[in-house]
Amino acid sequence: MSENTGTKVLVTGAVVIGLGVVGAFKFFEKIDNGYVGVRYSMSGGIKDDTLSQGVKFVGLDKVIQYPIRLQTIQAKDVSVSTSDGKKTTVNIKYDYKVDSTNASKMYKEFGNITSEDIEKGWLKSKLQKEAREVYSKYSLLNVLSGDSSKVEASLLENFSKAVEAKGFVVEDVTVGVPEVDDETQKSIDGIIRAGQDNEKAKLDAETAKTKADSDAYQKVKAAEAESTANNKVASSVTDELVRYTEAQARMKHGWVEVQTGEAIVDTKK
């Protein structure tokens with residue numbers, strides 16, 4: 001074999017190996033953990049069967065991946081208006097995932113765009129719409145002073161129903177504290193102060209009641225102790241003790257009691 005022929009063989013082999021490597025990258029797709037892949041064939045369109053995680057042979061098919069694991073999305077500065085006409089913004093965090101059985105349907109619906117594009121577009125639009133509807137049923141003051149949990153529950157329910165038909169599963173929604181104007185902030189401060197005063201009044205009343213109960217208890221215990229002592233004294237008085245006491249008194253004072261009928265007459269020696 002001549003030197004030129006050997007060189008040609010080596011070059012050809014390198015080209016074949018190179019094409020094989022390129023082909024491997026071209027014809028195979030790595031599906032990330034927590035995602036499913038949807039295939040689109042130029043000849044057959046979208047295939048219903050999705051690809052699970054791992055390296056898969058796809059030939060010339062186009063593959064787009066959708067997350068089936070839970071994703072946490074932070075939507076900042078969502079504009080809403082409350083029932084009392086207050087316009088404000090609120091941060092909303094939600095957790096969602098894609099129903100793997102609807103991934104192909106989602107591709108047909110949204111086309112060749114990623115889940116991130118859907119989050120920033122369609123999902124954000126739906127969240128904005130449902131948030132406006134929910135907040136319009138509450139005053140800003142009520143949201144800030146105790147109804148935030150109701151707002152979260154309503155938004156979770158409404159948002160979930162609005163996107164589930166497209167294959168999205170929303171599992172949780174958390175709303176932040178809305179921005180407030182000075183007038184609303186003064187009202188909130190007044191409610192806080194009133195609440196603090198009310199709690200102090202309750203505490204004072206409970207303290208007074210506790211003291212009164214304690215005093216009453218001490219009086220009852222003292223009366224019980226006195227009664228017990230009197231009973232002990234009464235039980236200790238016998239006929240012998242009475243006669244002995246009378247004798248002692250006679251010796252000391254020189255008198256004795258004589259009972260005649262119903263009268264008692266004291267006589268002296």
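The shown structure was predicted, so the numbers you read here are calculated from the model rather than taken from an experiment.
Using a cutoff of 4.0 Å between basic side-chain nitrogens and carboxylate oxygens, Glu109 and Lys105 are not scored as salt-bridged.
Looking at every heavy atom in both residues, Ala103 comes nearest to Val36 through CB-CG2, 3.9 Å. What you find for Lys76 and Asn91 is that their closest heavy atoms are CA-OD1, 3.3 Å. When all heavy atoms of Val63 and Gly37 are compared, the pair lying nearest together is CG1-CA, 4.1 Å.
Side-chain contact check for Thr89 versus Pro178: every heavy-atom pair is 4.5 Å or farther apart.
Rounded to the nearest 0.5 Å, atoms CD (Glu179) and CG (Asp77) are 7.5 Å apart. Atom OG1 in Thr82 sits 12.5 Å away from atom OH in Tyr138 (nearest 0.5 Å). The line from CG of Leu155 to OG of Ser148 is 12.5 Å long, rounded to the nearest 0.5 Å. Atom OG of Ser139 sits about 10.0 Å away from atom NZ of Lys86, to the nearest 0.5 Å. Between Lys166 atom NZ and Asp99 atom CG the span is 14.0 Å, to the nearest 0.5 Å. Summarising the geometry, atom CG belonging to Asp95 is positioned 6.5 Å from atom NZ belonging to Lys93; distances are rounded to the nearest 0.5 Å.
Judged by distance alone, the side chain of Gln65 and the main-chain N or O of Lys30 form a donor-acceptor pair under 3.5 Å.
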Compile the donor-acceptor pairs under 3.5 Å between side chains in residues 168-177 and protein atoms, sequence neighbours left out, one pair per line.
unit_1 : atom_1 : unit_2 : atom_2 : d
Glu171 : OE2    : Lys97  : NZ     : 3.4

side-chain contact (heavy atoms from CB on, under 4.5 Å) assessment of Leu123 paired with Val163: CA-CA 8 Å; Leu123 280 176; Val163 302; 3.8 Å; yes
Derivation of the side-chain contact (heavy atoms from CB on, under 4.5 Å) call for Ile118 and Ile113: CA-CA 7 Å; Ile118 297 174; Ile113 61 174; 3.7 Å; yes
Verdict with reasoning, Ile68 to Tyr35, per side-chain contact (heavy atoms from CB on, under 4.5 Å): CA-CA 5 Å; Ile68 57 174; Tyr35 285 76; 5.7 Å; no
Evaluation steps, ring-ring contact (aromatic ring centres under 6.0 Å, His included), between Phe159 and Tyr94: CA-CA 10 Å; Phe159 186 40; Tyr94 66 92; 5.1 Å; yes
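By the salt bridge (charged side-chain N to carboxylate O under 4.0 Å, His left out) test, Asp147 pairs with Lys150, sequence neighbours left out.
For residues 115-133, every residue pair satisfying the side-chain hydrogen bond (donor to acceptor under 3.5 Å, both in side chains) rule, not counting sequence neighbours, is listed here: Tyr96-Glu119, Thr114-Glu116, Thr114-Asp117.
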